[in-house]
2 protein chains.
Amino acid sequence: MIMQTTVASTRAQAARYPAAEHEAGFTDIDIDLLRKYVPVLRHKLSAGQYLYHAGQPFQSLYLINSGFLKTVELADDGRDQVTGFRMRGDFLGAESIGLKTYACGAVSLESGEAWELPYPAMLTACREIPELQARLTAALAQEIRDDHAWMLAIGTLNAEQRVATFLLDVAKRYARLGYSARHFMLRMRRTDMANFLALKHETVSRVMSRLDDLRLISVERREVHVLDDSGLRAMAGMRV
Amino acid sequence: MIMQTTVASTRAQAARYPAAEHEAGFTDIDIDLLRKYVPVLRHKLSAGQYLYHAGQPFQSLYLINSGFLKTVELADDGRDQVTGFRMRGDFLGAESIGLKTYACGAVSLESGEAWELPYPAMLTACREIPELQARLTAALAQEIRDDHAWMLAIGTLNAEQRVATFLLDVAKRYARLGYSARHFMLRMRRTDMANFLALKHETVSRVMSRLDDLRLISVERREVHVLDDSGLRAMAGMRV
DNA sequence: CGGCGTATTGAATCAAGTCAATGCGCGTGG
DNA sequence: CCACGCGCATTGACTTGATTCAATACGCCG
């Protein structure tokens with residue numbers, strides 16, 4: 001099955017996929033070195049489970065070892081916004097650094113495993129491992145850039161272009177982890193995609209069907225085949 | 001005149017407005033201490049001038065001493081997105097940490113002054129001033145949270161609510177600098193507001209007129225009086 | 001096998017966009 | 001000093017892409 005990972009193969013996989021130079025994550029940090037300073041706590045996650053809730057005391061960052069999560073911003077009147085999706089090698093919780101409580105929630109969309117990195121210990125480790133501090137800062141900056149890229153997409157693209165852009169982004173991220181960029185399983189519901197893209201789920205559904213009609217992709221519920229990559233890029237408004 | 005500052009009064013003003021605890025900026029860092037490690041270069045800015053362009057080599061962070069700027073994300077096909085507005089005490093360029101070139105552009109919307117902080121020197125300073133590293137990290141995290149808050153607004157609010165939310169945010173930020181939250185001058189064109197809020201300038205204009213009709217504010221081009229703060233909050237969809 | 005959560009599709013509606021005209025202010029130069 | 005011109009803002013009329021409401025279908029899990 002696509003994207004499936006096992007706990008046993010975990011270390012090997014993490015080593016196999018160094019992050020790209022310009023988008024350095026945590027995966028290219030020596031985990032064994034990190035362990036000397038930070039007690040790494042493993043957490044099994046199941047679908048629908050919260051890794052942390054908005055409002056809960058901020059204590060740790062989390063490194064996703066396997067699985068797939070969404071981060072959700074919550075307004076006091078109940079409005080909510082999916083602010084991103086995270087997969088293996090991504091880390092979570094950094095947006096809440098400097099606060100007493102988490103600013104958003106992180107929900108697992110399938111079973112997986114997250115490694116908890118207590119923040120006070122991380123601070124100590126950052127002093128001992130200069131590279132770690134740089135990685136953490138760079139990862140925060142990258143998150144800002146990702147957010148800005150989506151603000152650009154949502155502010156300037158129509159529904160079809162947003163969905164096309166989203167699919168290409170998902171494909172790219174899967175490819176980075178060594179999976180196929182041409183055939184993958186979406187891990188989230190239409191509602192989650194729609195919320196993230198500032199659309200309604202019916203619109204996403206319709207657009208997906210239309211991309212299918214145009215033979216740019218083939219869709220069967222959550223299973224996606226990219227049939228015409230450059231066509232999809234053209235629709236997304238990208239320069240080839 | 002509202003918001004006007006002079007170079008001479010600069011230091012005193014910066015000292016007068018410590019950032020709120022949960023949104024620590026750079027203003028509460030001892031600038032004189034920082035100067036021991038970082039050569040702070042002053043830059044005068046005039047309206048329309050770029051502090052830095054997207055694509056230009058990344059070398060420095062900037063601390064806004066006076067004036068008002070917008071940050072603009074630029075797509076390769078010409079689409080652009082205003083990702084935020086910055087004023088005194090805010091800093092700029094941090095989103096490009098880890099890159100060879102700036103990821104976005106920063107444009108001054110009025111005359112002002114920015115202090116350039118060369119990044120390599122900042123890294124050194126961070127090692128010598130533990131507090132500085134924490135501030136920088138916290139400020140990056142804060143920027144992520146701000147972006148998420150706007151993603152929430154744009155994803156869940158209609159045009160009227162977005163504009164109301166924007167005006168309240170501007171008012172709050174002016175108030176934090178010691179200016180009136182009830183009477184202020186918008187520094188940006190309708191087009192910039194609209195772009196930031198993922199609307200068209202005609203829509204923003206219409207909404208402003210409507211808020212005026214409803215006696216929530218009075219608008220005269222860029223001059224805004226908040227007449228009914230709680231009414232405006234209600235319109236923004238906030239809990240009182 | 002049944003039922004619930006999720007996805008698809010259609011038809012009607014509407015909020016915001018588009019196109020276009022007019023108005024206002026400010027800065028420049030006669 | 002005033003007239004002119006240009007950039008910005010406002011407003012109206014019309015269009016449209018996305019939403020809303022509603023019905024139906026699919027598929028997984030218990």
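Here is how names work: the chains are called A, B, and so on, in the same order as the sequence lines, proteins then strands, and each is numbered from 1. Hydrogens, waters and symmetry mates are skipped; everything else that's a heavy atom, side chains included, is used.
In this entry the distance linking CD of E202(A) with C1' of dA25(D) reads 15 Å, nearest Å. Following rounding to the nearest Å, K200(A) (NZ) and dA7(C) (C1') show an atom-to-atom distance of 17 Å. Counting to the nearest Å, the C1' atom of dG17(C) and the CZ atom of R162(B) are 13 Å from each other. Residue M208(A) contributes atom CE, which lies 11 Å from atom P of dT9(C) at whole-angstrom precision. Atom CG in D192(A) sits about 13 Å away from atom C1' in dA7(C), given to the nearest Å. If you take CG of L186(B) and C1' of dC8(D), they are 13 Å apart, rounded to a whole angstrom. What separates CZ of R210(B) from P of dG12(D) is a distance of 13 Å, to the nearest Å. The distance between atom CE of M185(B) and atom P of dC8(D), rounded to the nearest whole Å, is 17 Å.
Between dT9(C) and S209(A), a contact under 4.0 Å exists linking OP1 or OP2 to a side-chain N or O. Contact annotation: R189(B) reaches the phosphate of dC8(D) (side-chain N/O to OP1 or OP2, under 4.0 Å). For dA7(C), one of the phosphate oxygens OP1 or OP2 lies less than 4.0 angstrom from a side-chain nitrogen or oxygen of R222(A). Between dA9(D) and S205(B), no contact under 4.0 Å exists linking OP1 or OP2 to a side-chain N or O. At the phosphate of dT10(D), OP1 or OP2 sits under 4.0 Å from a side-chain N or O atom of R190(B).
Aromatic ring pairs are classed by plane angle as parallel below 30°, tilted from 30° to 60° and perpendicular above 60°; the pair Y102(B) and Y52(B) is parallel.
Residue-to-nucleotide proximity on DNA chain D shows that, of V204(A) and T203(B), the 5′-proximal contact is made by T203(B). Taking for each of N158(A) and R221(A) the nucleotide of DNA chain D with the nearest heavy atom, the 5'-most of the two is the partner of N158(A).
Taking a cutoff of 4.0 Å between a charged side-chain nitrogen and a carboxylate oxygen, D192(A) and R189(A) qualify as a salt bridge. Using a cutoff of 4.0 Å between basic side-chain nitrogens and carboxylate oxygens, E113(A) and R88(A) are not scored as salt-bridged.
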Practice prompt. Check step by step if side chain to side chain contact (heavy atoms under 4.5 Å, CB included) holds for L211(A) and L232(A).
Written response: CA-CA 8 Å; L211(A) 295 181; L232(A) 197 56; 4.2 Å; yes
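Ranking dA18(D), dA11(C), dG17(C) by closeness to the R206(A) side chain, first place goes to dA11(C).
Judged by distance alone, with hydrogens and angles left aside, E220(B) brings no side-chain donor or acceptor close enough to the base of dC24(C) to form a pair under 3.5 Å.
Dense packing is recorded around CZ of R222(B), with more than 12 heavy atoms of other residues, nucleotides or ligands lying under 6.0 Å away.
Among the heavy atoms of the strands, none lies under 4.0 Å from E160(A).
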